Enquirer: 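One structure coming up, written as structure tokens, with questions to follow.
Reminder, nothing fancy here: chain letters follow the sequence lines and each chain counts from 1. Everything quoted here is computed from the prediction, not taken from an experiment. Quick note: numbers below take in every heavy atom, side chains included, and nothing from hydrogens, waters or symmetry partners.
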Amino acid sequence: MTWLTWRQHRAQFLTAAALLALAAAYLLVDGLRLRHEIHGLPTDCGIDRCFDLEQVITGRRNAYLAAGALVLLAPALIGAFWGAPLIARELETGTHRTVWNQSVPRGRWLAAKLLLTTAAAVLTTGLLSLLVTWYAAPFDRFDHDRFQPLLFDLRGLVPLGYAAFAVALGACTGLFLRRTLAAMAVTLAVFTAVQVLVPLAVRPHLQQPVHELVALGKGPTRHGSFAGFDTPGGRLGPDSRMIAVLDVPDGWVLSGHTPQPARDATGRVLTLASLPCPSSGPLPPDGSCVARADLYVAVDYQPADRYWTFQLAETGLYAALAAALAALTSWGLRRRLG
Amino acid sequence: MTAIVETRALHKRYGRRPALTDCTLSVPAGSVVGLVGPNGAGKSTLLQLACGLLTPTSGTVEVFGAPPGQLARVGFVAQDTPLYPTFTVSDHLRMGARLNPRWDAALAERRVRQAGLDPAQKAGRLSGGQRAQLALALAVAKRPELLLLDEPVAALDPLARRAFLQGLMEFVAESEPQPTVVLSSHLLSDLERICDHLVVLADSRVRAEGGIDDLLATHFRLTTARRDADTLPAGMRVLHAEHTGRQSTFTVRAAAPVDDPSWVMEPLGLEDLVLHYMSDPSESAPADPRPVPEPQR
Amino acid sequence: MIEFHIEPRSGVAPYLQLVHQVRQALRLGLLSEGDRLPKVKEVAAKVAINPNTVLKAYRQLENEGLVSPRPGVGTFVSGTLGTLAAAEHEPLRRELARWLAAARAAGLDEESIEALFRQTVRSPTEEER
């Protein structure tokens, strides 16, 4: 079965291997050059203080985005081009009647095909993810945003889970639709939908978020900035609430990047009227006075040290989905042809 | 003789459409059985039930005395002989060798050579006859005890058809013990050559079943001056009667021809015999095994 | 060695066609005692015919005493059929010719003569039953 699976899908496998080799060559060379260029530059600094570093990083934004796109697309393409034809092509051309009448039971045939293709998919995506994770490490150290929804998908372990899921999804869709092209389209659509849905609705709840009153602009790992005042009715008044934007470096702020009301140490929302800085009429108060005030923001977030827990949990979630789809496929294979 | 395939009250429906109705059959070991019937009569369904590609709606089908699924012992050549278009001829043989424990590589290679196939040729570029030959090589080299073929020669020209049947019969003759073969076809002249049993299916039901020699020896066309069917001698079962002003033509089943100066009684060719059972819905009495005494030999 | 063929539309069972062909060959002197008949496998492959049919034909010929099988070697012709050319048939032939002339004189055409002949040939076997 190993040979048969290889022989049947070797064109796809070889294409993927060639593309992977190309990407690897580029990323390795450019990644090394990038490391050489930033060698010796201060790396852990605020945006304003690392001008040289920022310049190098900015010069490579396009390559970085392209590398990310590769990891983003790889599982989807694998699902469409490897998973969907896995069974659909056989049903479409009738070759299932030939292959199911060799001495290998249908269940074993499916298991071998699915396992081998999944292994190839995981390997391909894994290598790609490893490369891109390595390539993007300087960017991540600079941006502190690898826990953000889209970027989280492009690093570490999760692409492996996506790839396994995409293969199983494609195979299952192919079995029930019996048409390769339709199966490819549906696989892409469903996979995309799941990829959008999980970060929005599932990932935030993988672990109870931390709810905290965070001091603005204090402490080494939390950044935030005072953003200004609410202007209800378009006018600044005594009821205008102070608002601030909070950023948790390498963490994931769930209560949103939209400005949050600023509070005092007791959690009370501060307004212009309750601010300990005098303001003159319609003008905002003196900035240096605000900066001296102790401002806090109530925030729900996933802290940076949960990154790998989340990677593992989400990979597990997708692996479980893949297993469920494989079971469904195996059941369908036995049943729908009866 | 032991039955290799045995069906009892077998029913198969696709949705609400019946594909096979109340089929009770038994295929004796070592026989070559022809399945005939109009398109949609249930031939493919019966074959696919026997090889386990389909499961019955009700009733049972047994192969080697057990439910279908003994893949190594059953060879199947599906309709249109589906092969992998990007695989070469030798890729297909390699697949057979890897997926079948009883694979007979020498037989496979000999068959491919005899059929004049180029091992490096892609299956997608083979002619219909070559595809059929390759599919046959793939099916026989696993050394099946039961070989099921679904319209294997339907798309072939007469030359390729003859070559295919020669190959098939050679396999049957050289295998020890002799394998059992069930094949469906529209080509009665082929079936008459290679089969010893015949099953006529129409409208999802078995209309007639029996040894070809017995069927041929017991079916006659009787032409006579106009008379009623019930005036014919006992022992002749009238299957069909047609009358013109002066003449009556009867299709009868009888143990042996009866000579009488008042009629002409000729053996019915297989084609007319099968056409009769295929087309006449009134004569749906299937294959009761002893409707007529066996002809004397 | 004899070459078999099958005529599918004849209405004659294939095994009987083979039997007839062996008898014919014996009558024509194409086969004589001691000749080997082709192996079942060879006939099956060459004529594209069921080996069971060949076996059945050979068994029938065996029952008629015309051939006998030697296990592991083959099936050999072991009997003879009178040939049409034999001298002792000459009186019968002359008698038949006279009868034919009489039949034609009575106004029977070829087909009627054949029908009458066939019917007469068969009727004694009917009586024997």
Enquirer: Can you tell me how the ring of A:W109 sits relative to the ring of A:W100, calling it parallel under 30°, perpendicular over 60° and tilted otherwise?
Expert: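 The arrangement is perpendicular - the two ring planes meet at more than 60°.
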Enquirer: Using a cut-off of under 4.5 Å for heavy-atom pairs, which of A:T98, A:T95, A:T93, A:V99 has the most such pairs with chain B?
Expert: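 That would be A:T95.
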Enquirer: So if I take each residue of residues 138-148 of chain B and look for any heavy atom under 4.5 Å from a heavy atom in chain A, which residues do I end up with?
Expert: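 Those residues of residues 138-148 of chain B which have a heavy atom under 4.5 Å from chain A are B:L138, B:K142.
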Enquirer: Heavy-atom pairs under 4.5 Å with chain B: which of A:G94, A:P105, A:S103 has the most?
Expert: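 Option with the greatest count: A:S103.
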Enquirer: Ignoring hydrogens and angles, state whether a donor on the side chain of B:R131 or B:S127 is under 3.5 Å from an acceptor on the partner side chain.
Expert: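 Absent: no donor and acceptor within the cut-off.
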Enquirer: With a 3.5 Å cut-off and no angle check, do the side chains of B:D196 and B:S31 form a donor-acceptor pair?
Expert: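 No, B:S31 and B:D196 have no side-chain donor paired with an acceptor closer than 3.5 Å.
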Enquirer: Distance only, no hydrogens: is a donor on one side chain within 3.5 Å (strictly under) of an acceptor on the other, for B:K12 and B:Q48?
Expert: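 Judged by distance alone, the side chains do not pair up.
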Enquirer: What pair of heavy atoms forms the shortest contact from B:G30 to B:T180, and how long is it?
Expert: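 In this case the closest contact between B:G30 and B:T180 is N-OG1, 2.9 Å.
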Enquirer: Quick one: does B:T57's side chain have a donor or acceptor within less than 3.5 Å of a partner on B:R13's backbone?
Expert: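 Side chain of B:T57 to backbone of B:R13, a donor-acceptor pair under 3.5 Å: yes, one is there.
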Enquirer: Please determine, by modelled atom types, if A:E90 and A:Q8 share a side-chain donor-acceptor pair under 3.5 angstrom.
Expert: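 Side chains of A:E90 and A:Q8: pair found under 3.5 Å.
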Enquirer: Can you check whether anything in residues 69-98 of chain B gets within less than 4.5 Å of chain A, heavy-atom wise, and list it by number?
Expert: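 Result: B:L71, B:A72, B:V74, B:F76, B:A78, B:P82, B:L83, B:Y84, B:T86, B:F87, B:T88, B:D91, B:R94, B:M95, B:G96, B:R98.
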Enquirer: So A:T329 and A:F176, do their side chains get closer than 4.5 Å, heavy atoms only?
Expert: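 Answer no - side chains too far apart.
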Enquirer: With A:R60 as the cation and A:Y64 as the aromatic partner, state whether NZ or CZ is under 6.0 Å from the six-membered ring centre and within 45° of the axis.
Expert: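 That pair does not qualify as a cation-pi contact.
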Enquirer: Without hydrogens or angle criteria, can the side chains of B:S185 and B:D190 be said to hold a donor-acceptor pair below 3.5 Å?
Expert: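 Note: B:S185 and B:D190 side chains miss the donor-acceptor criterion.
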